[in-house]
Amino acid sequence: MKVVVFSTKPFDKSYIVQANNGTHELTFLDMRLSAETAPLADGFDVVCAFVNDDLNRETIAQLAKAGVRMIALRSAGFNHVDLAAAAKAGLVVARVPAYSPHAVAEHTIALILTLNRKMHRAYNRVREGNFALDGLLGFDLHGKTIGIVGTGKIGELVAQILDGFGCALLAYDPVENPNCTALGLRYVDLDTLFRQSDVITLQCPLMPQTHHLIDADAIGKMKQGVMLINTSRGAVVDTSALIAGLKTGQIGNVGLDVYEEEADLFFKDLSQTFIPDDVFARLLTFPNVLITGHQAFFTHEAVTAIAETTIANISAFERDGAPIHPVPTVAGD
Ligand code: NAI
């Protein structure tokens, strides 16, 4: 099939070419897919899109006009696609439902360990010939209580790894995971988790029920000096409340891989300009805040799986008229 790949990043092109192995005719564009760029898909059967592409109603109409029959998303999320418009235009939408929960779980642990033992600060100090230990004091993770919010695929792996460190495990999830209870993890209500945990890590999806789950009220219930980690979705945390909690010392350490307004920042190189988001810029001023730019998924294994599943979706669509992982279509206009 003729496939045009939008938002190509240097890091994923080689993986897609390898997974394709000459099967489909691929054209790579580094620009984002939007209503303005959609006419570039003229004559292609499939568009392959990434997380920050804008597949709104107008884009979909342009794609249909261009003769496109399938949208192959290189992501699990599909909140950037107008599914009703796609269904009406007869466009099939496919996605990559899961790639590597290990990648995200291991990055979560990396944030906890780096923040606790101040690796990022120690690295710079030693390179400058400063071997003083002041300001680098950490704590033993052994024996500490970890509160995991969401024990699905990623949360379960986080629990397994921290069990190996000798931590006591608490969790909140409306659905209990027997593999976690088998580890000795105890399910509790959110209030208990907030009050008893030394480290709180968020592994739940963003939904109306979890939007700003961590707000001023929740932070007020937490232990003084708690460590908070978010590798799920930015809007699970109210950033203003987080900054207030850091300023009072109620929150002792924060590790974030996601941020509620990240769409205007992450995946871009802004190093030659400035950070236009004052709230984010304020977060960066705290020595006890460590931020990565939505890279928890970013391992060789996960990027390989994304490329292979994307190509498999396209091949299944060509062969059977339906991808392996369709996004459920939505009725309506
Ligand atoms: P999953 O679907 O396996 O697990 C999610 C768990 O959250 C389920 O057990 C579910 O019952 C639970 N949950 C639902 N509502 C909840 C609530 N109100 N409070 C607490 N828990 C609740 O998903 P998986 O694969 O473990 O991923 C979790 C999240 O991680 C994703 O939704 C995504 O937002 C994030 N993620 C982040 C990545 C990154 O690069 N930073 C990459 C991939 C996923």
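Start at 1 and go down the list; that is how both ligands and their atoms are numbered.
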Side chain to side chain donor-acceptor pair (under 3.5 Å) with Thr231: of His294, Gln295, Gln203, only one passes, and it is Gln203
*Would you say Ala98 contacts ligand 1, with heavy atoms under 4.0 Å as the rule?*
no
(Q) Side chain or backbone, does Tyr99 bring an N or O within less than 3.5 Å of an N or O on ligand 1? (A) no
Taking only non-hydrogen atoms of His294 and a 4.0 Å limit, the atoms of ligand 1 in range are 39 (C), 40 (O), 41 (N)
Nitrogen or oxygen of Lys153 less than 3.5 angstrom from that of ligand 1:
yes
**Q.** Residues, nucleotides or ligands: over 12 heavy atoms within 6.0 Å of Lys9 NZ
**A.** yes
| message | Between Phe280 and Tyr259, is the ring centroid distance below 6.0 Å? | response | yes
Checking side-chain polar atoms at under 3.5 Å, does Ser34 have a donor or acceptor matched by the opposite partner on Asp54? no
If we number the atoms of ligand 1 from 1 as shown, the ones under 4.0 Å from a heavy atom of Val149 are 20 (C)
Residue, atom and distance of the protein heavy atom nearest atom 26 (O) of ligand 1 read Ile154 N, 2.9 Å
Going by the 4.0 angstrom heavy-atom rule, the piece of His107 near ligand 1 is neither
Residues at least two apart in sequence or cross-chain that pass side-chain hydrogen bond (donor to acceptor under 3.5 Å, both in side chains) with Asp134, listed by chain then number, are none
Per-atom filter on ligand 1: closer than 4.0 angstrom to a heavy atom of Thr210 are 17 (C), 18 (N)
closest protein heavy atom to atom 28 (C) of ligand 1 is Gln203 O, 3.4 Å
So the atoms of ligand 1 within less than 4.0 Å of a heavy atom of Asp257 turn out to be 39 (C), 40 (O), 41 (N)
When distances are taken from atom 7 (O) of ligand 1, the protein heavy atom at minimum range is Pro205 CD, 3.2 Å
Practice prompt. Determine, using heavy atoms of Met207 and all atoms of ligand 1, whether some pair is separated by less than 4.0 Å.
Written response: yes
Ranked by distance from atom 36 (N) of ligand 1, the top protein heavy atom is Arg233 NH1, 3.7 Å
message = Is a donor from one side chain sitting under 3.5 angstrom from an acceptor on the other, for Thr192 and Arg195?
response = no
Within the 4.0 Å heavy-atom cut-off, what Phe298 brings close to ligand 1 is neither
The protein heavy atom nearest to atom 19 (N) of ligand 1 is Tyr172 CE2, 3.4 Å
Tightest non-hydrogen contact, residues Ala89 and Ile60, listed as CB-CG2, 4.0 Å
In this structure, CE of Met227 is separated from CG of Asn253 (nearest 0.5 Å) by 4.5 Å
Report task. Compute the ring centroids of Tyr15 and His300, then answer whether they are less than 6.0 Å apart. Result -> yes
Atom 40 (O) of ligand 1: closest protein heavy atom, distance to 0.1 Å, is Phe297 N, 3.1 Å
Exercise for the section: Give a yes-or-no answer on whether the side chains of Ser232 and Asn230 include a donor-acceptor pair shorter than 3.5 Å. Expected result: yes
Ligand 1 to Val104, heavy atom cutoff 4.0 Å, flagged ligand atoms 38 (C), 42 (C), 43 (C)
Quick look: Leu213 vs ligand 1, heavy-atom contacts under 4.0 Å, and the answer is neither
With Leu169 as partner, the option from Thr181, Asp163, Thr151 fulfilling side chain to side chain contact (heavy atoms under 4.5 Å, CB included) is Asp163
closest protein heavy atom to atom 22 (C) of ligand 1 is Pro174 CD, 3.5 Å
No-hydrogen, no-angle side-chain donor-acceptor test under 3.5 Å, Thr299 and His102 = no
Restricting to heavy atoms, the pick from Ser75, Ser232, Gly152 nearest atom 6 (C) of ligand 1 would be Gly152
heavy-atom search around atom 9 (O) of ligand 1 in the protein gives Asp173 OD2, 2.7 Å
Review point. Do other residues, nucleotides or ligands put more than 12 heavy atoms under 6.0 Å from Phe286 CZ?
Key: yes
Under 4.0 angstrom from ligand 1, any heavy atom of Thr231?
yes
